[in-house]
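Following this message is one structure expressed as structure tokens.
These numbers come from the heavy atoms of this one structure, side chains and all, not from hydrogens, waters or symmetry mates. Since we're looking at a predicted model, the values are computed, not measured. Note that ligands are numbered from 1 as they come in the structure, with each ligand's atoms numbered from 1 the same way. FYI, the numbering just counts along the sequence from 1.
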Amino acid sequence: MRTRPLKVALLGCGVVGSEVARIMTTHADDLAARIGAPVELAGVAVRRPDRVREGVPAELVTTDATALVKRGDIDVVVEVIGGIEPARTLITTAFEHGASVVSANKALLAQDGAALHAAAEEHGRDLYYEAAVAGAIPLIRPLRESLAGDKVNRVLGIVNGTTNFILDKMDSTGAGYQEALDEATALGYAEADPTADVEGFDAAAKAAILAGIAFHTRVRLDDVYREGMTEVTAADFASAKEMGCTIKLLAICERARDGASVTARVHPAMIPLSHPLASVRGAYNAVFVESEAAGQLMFYGPGAGGSPTASAVLGDLVAVCRNRLSGTTGPGESAYAALPVSPMGDVVTRYHISLDVADKPGVLAQVATVFAEHGVSIDTVRQQGKDGEASLVVVTHRASDAALSGTVEALRKLDTVRGVASIMRVEGE
Ligand SMILES: NC(=O)c1ccc[n+]([C@@H]2O[C@H](COP(=O)([O-])OP(=O)(O)OC[C@H]3O[C@@H](n4cnc5c(N)ncnc54)[C@H](OP(=O)(O)O)[C@@H]3O)[C@@H](O)[C@H]2O)c1
């Protein structure tokens, strides 16, 4: 074993960074044996230097992250600050000064992954980011390496623990959205400002990363259709139950049936209770991958938290250090397929539509005609009447999102349709 240590700069020592530092220290001997050389924490960049950080020697702490990555003797930079800047500039500077990079930063990778990969390649360095999607769950490496010989057709995932906790609460207790969110906040599963989670921004960043890797195609954050889950109601769950379904916020990356394009989207969807993703409870994450040769694969586990996320960061650190010792780099960006990313209107799926209608003869026929005129075929219709008003629940066969939008627009114009109470896609069948 080499005795000269590999030097690691840790940028950020918060929820994830503090656990990375702890594991690097407590597992130092095992890590050295697995890598073939000791790893040394050479510096820790933070914003507030006076905070007590257990297990981190005070002399390693600095507020000058730029100087740390420019030192020239750093082998690996671990970026766990988060956000776009200064993380982006620090990572680029790290490559320019000879370091490889491990990051957990989904927001940055979804936005600037291509440029960062290009910078890594230009300088002959590694960029690894297993922790950026679904925390501890091995997903990037299985997609990038284990399935490199297969053809992935679909990735369907619960990639945000906060929203899964809220939806699971609504499902199991009948609570409304706000009540379930309040509980998630009280238990520390939701942040004081939950927008990034509940509006689907966090999941959309992960969908962009997953789609890019799965389909060997650059998928930008702007390419991902996004709908949050704040409008999901207890009534939606009641309807889902009647259909033998539950509701999950899903990230869905799909290759079109003709193979000529891909789509990436995030939105709440009904899935059958028999689907493996339906049984993912609480704040857990799971990703269901469908590929041509392997068939169906399910990756499941804790998608966040300091220690689980640090596990993924450390796995990358070991891989990058091994590459460093053998003078090589691991797989970089694979975007050779360059498939077009289709807009949401081209997505084909099934829909569950709840309408408030006048309870009088001929309404059902009128509604059915609108569906037919837009080429959306109806699978089932359920009607419940009360005091001259009625609710109509229509479940369709597969249709394009554009056709469904046209249908809904036309339905809203009917005098007999008082309102469209909810529209939900039905997935996983
Ligand atoms: N938390 C999770 O469960 C989780 C899961 C998966 C991925 N991630 C990703 O991991 C990354 C880190 O998340 P986190 O939860 O650990 O965040 P965090 O607890 O807020 O920690 C951020 C750290 O960055 C430091 N920092 C902020 N601005 C800085 C600057 N300009 N220069 C130097 N240091 C700076 C902070 O310093 P101070 O300590 O002085 O404030 C803090 O130590 C993010 O990209 C996140 O998306 C997190």
Side-chain angles (χ1 to χ4, degrees), residues 9-23 41 43-56 58 60-70 77-91 93-94 101-113 116 127-140 157-165 184 187-197 201-206 208-210 221 282-285 287 301-317:
L10 183 61
L11 310 184
C13 193
V15 174
V16 179
S18 58
E19 282 299 302
V20 171
R22 182 185 65 77
I23 299 172
L41 197 54
V44 181
V46 297
R47 210 170 16 185
R48 296 165 293 174
D50 299 330
R51 268 192 125 187
V52 178
R53 297 174 202 269
E54 212 180 312
V56 177
L60 293 184
V61 175
T62 175
T63 52
D64 195 346
T66 306
L68 180 59
V69 297
K70 279 185 174 175
V77 166
V78 175
E79 184 277 308
V80 277
I81 292 177
I84 306 301
E85 286 294 354
R88 176 172 52 196
T89 305
L90 289 168
I91 290 176
T93 310
V101 173
V102 173
S103 173
N105 195 334
K106 66 215 113 181
L108 178 58
L109 281 148
Q111 185 180 301
D112 286 322
L116 293 175
L127 172 62
Y128 276 45
Y129 44 90
E130 183 64 68
V133 182
I137 308 172
L139 198 57
I140 305 286
I158 295 168
V159 292
N160 182 278
T162 305
T163 47
N164 201 57
F165 179 90
L187 292 171
Y189 288 116
E191 300 199 11
D193 177 2
T195 311
D197 294 319
F201 291 102
D202 173 83
K206 293 163 178 171
I209 296 171
L210 288 177
L221 191 51
Y284 275 83
N285 282 196
V287 177
S307 167
T309 308
S311 163
V313 171
L314 264 296
D316 279 353
L317 180 65

Review point. Is it true that a side-chain atom of Asn160 and a backbone atom of Ala203 form a donor plus acceptor pair closer than 3.5 Å?
Key: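 Side chain of Asn160 to backbone of Ala203, a donor-acceptor pair under 3.5 Å: no, none is there.
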
Check your understanding: Counting only N and O atoms by type, is there a donor-acceptor contact under 3.5 Å from the side chain of Asn105 to the main-chain atoms of Ala132?
Key ->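 No, the answer is negative, given that no donor and acceptor are paired below the 3.5 Å cut-off.
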
Point to revise | Protein residue, atom and distance nearest to atom 16 (O) of ligand 1, heavy-atom basis | key: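 Of the protein heavy atoms, Val16 N, 2.8 Å lies nearest.
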
Check your understanding: Any N or O of Ala304 that comes nearer than 3.5 Å to an N or O of ligand 1?
Key ->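 No.
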
Check your understanding: Quick one: does Asp202's side chain have a donor or acceptor within less than 3.5 Å of a partner on Asp197's backbone?
Key ->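 Checked: no pair found.
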
Review point. How far is atom 27 (C) of ligand 1 from its nearest protein heavy atom, and which residue and atom is that?
Key: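 Answer for atom 27 (C) of ligand 1: Ile81 CG2, 3.6 Å.
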
Check your understanding: Would you say Arg88's side chain and Asp112's backbone share a donor-acceptor pair under 3.5 angstrom?
Key ->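 Checked: no pair found.
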
Review point. Distance from Ile23 atom CD1 to Ser307 atom OG, nearest 0.5 Å?
Key: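 Those atoms lie 5.0 Å apart.
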
**Study point:** Any donor-acceptor N/O pair, Asn285 side chain to Pro302 backbone, under 3.5 Å
**Key:**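 Pair absent, no side-chain N/O of Asn285 close to backbone of Pro302.
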
Practice item. Considering only non-hydrogen protein atoms, determine which one is nearest to atom 3 (O) of ligand 1 and report residue, atom name and distance to 0.1 Å. Key: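 Atom 3 (O) of ligand 1 sits closest to the protein heavy atom Gly305 N, 2.6 Å.
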
**Study point:** Test of proximity, Lys106 against ligand 1: N or O pairs below 3.5 Å
**Key:**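 For ligand 1, there is an N or O atom that lies under 3.5 Å from one belonging to Lys106.
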
Check your understanding: How many angstroms lie between OG1 in Thr66 and CG in Leu90, if you round to the nearest 0.5 Å?
Key ->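 So the OG1 of Thr66 and the CG of Leu90 are separated by 5.0 Å.
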
Check your understanding: So which protein heavy atom does atom 21 (O) of ligand 1 come closest to, and at what separation?
Key ->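 Its nearest protein heavy-atom neighbour is Gly14 CA, 3.4 Å.
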
Review point. Looking at atom 37 (O) of ligand 1, what's its closest protein heavy atom, distance included?
Key: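 Looking only at protein heavy atoms, the one closest to atom 37 (O) of ligand 1 is Arg47 N, 3.1 Å.
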
Check your understanding: Just how far is it from atom CG of Leu317 to atom OH of Tyr128, taken to the nearest 0.5 Å?
Key ->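 The OH atom of Tyr128 is 11.5 Å from CG of Leu317, to the nearest 0.5 Å.
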
**Study point:** Ligand-side contact atoms (ligand 1) for residue partner Pro86, heavy atom cut-off under 4.0 Å
**Key:**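 Heavy-atom distances to Pro86 below 4.0 Å select 31 (N).
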
**Study point:** Leu11 near ligand 1 by a heavy-atom separation under 4.0 Å
**Key:**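 No, Leu11 has no heavy atom closer than 4.0 Å to ligand 1.
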
**Study point:** Residue pair Thr62 / Asp64, side-chain donor-acceptor N/O under 3.5 Å
**Key:**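 Thr62 vs Asp64: no donor-acceptor pair found between side chains.
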
Exercise for review: Quick one: look at Ala104 and ligand 1, take heavy-atom pairs under 4.0 Å, and tell me if it's side chain, backbone, both or neither.
Suggested key: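 It is both parts that get close, each with some atom under 4.0 Å.
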
Review point. Taking the non-hydrogen atoms of Arg53, is any one of them nearer than 4.0 angstrom to ligand 1?
Key: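 Checking ligand 1 against Arg53, which is what was asked, there is a heavy-atom contact under 4.0 Å.
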
Exercise for review: Using a strict cut-off of 4.0 Å, indicate which atoms of ligand 1 neighbour a heavy atom of Cys13.
Suggested key: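 In order of number, 23 (C), 42 (C), 43 (O).
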
Practice item. Tell me which protein heavy atom sits closest to atom 19 (O) of ligand 1, plus the residue, atom name and distance to 0.1 Å. Key: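 Nearest protein contact, heavy atoms only, for atom 19 (O) of ligand 1 is Val15 N, 2.9 Å.
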
**Study point:** Residue, atom name and distance, where the atom is the protein heavy atom closest to atom 41 (O) of ligand 1
**Key:**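 Heavy-atom neighbour on the protein nearest atom 41 (O) of ligand 1: Arg48 NH2, 2.7 Å.
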
Check your understanding: Considering only heavy atoms of Gly12, which atoms of ligand 1 have at least one such atom less than 4.0 Å away?
Key ->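 Checking each atom against Gly12, I get 23 (C), 24 (O), 25 (C), 43 (O).
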
Check your understanding: Does Ala131 have a heavy atom less than 4.0 Å from any atom of ligand 1?
Key ->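 The answer is yes, since Ala131 has a heavy atom less than 4.0 Å from ligand 1.
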
Exercise for review: Determine yes or no for a side-chain-to-main-chain donor-acceptor pair under 3.5 angstrom, with Thr162 supplying the side chain and Tyr189 the backbone.
Suggested key: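 Such a contact is found between Thr162 side chain and Tyr189 backbone.
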
Exercise for review: Among all protein heavy atoms, pick out the one at the shortest distance from atom 44 (C) of ligand 1; state its residue, atom name and that distance to 0.1 Å.
Suggested key: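 For atom 44 (C) of ligand 1, the nearest protein heavy atom comes out as Gly82 CA, 3.5 Å.
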
Point to revise | Main-chain N/O of Ile140 paired with Glu130 side-chain donor or acceptor, under 3.5 Å | key: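 Yes, because the side chain of Glu130 sits within donor-acceptor range (under 3.5 Å) of the backbone of Ile140.
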
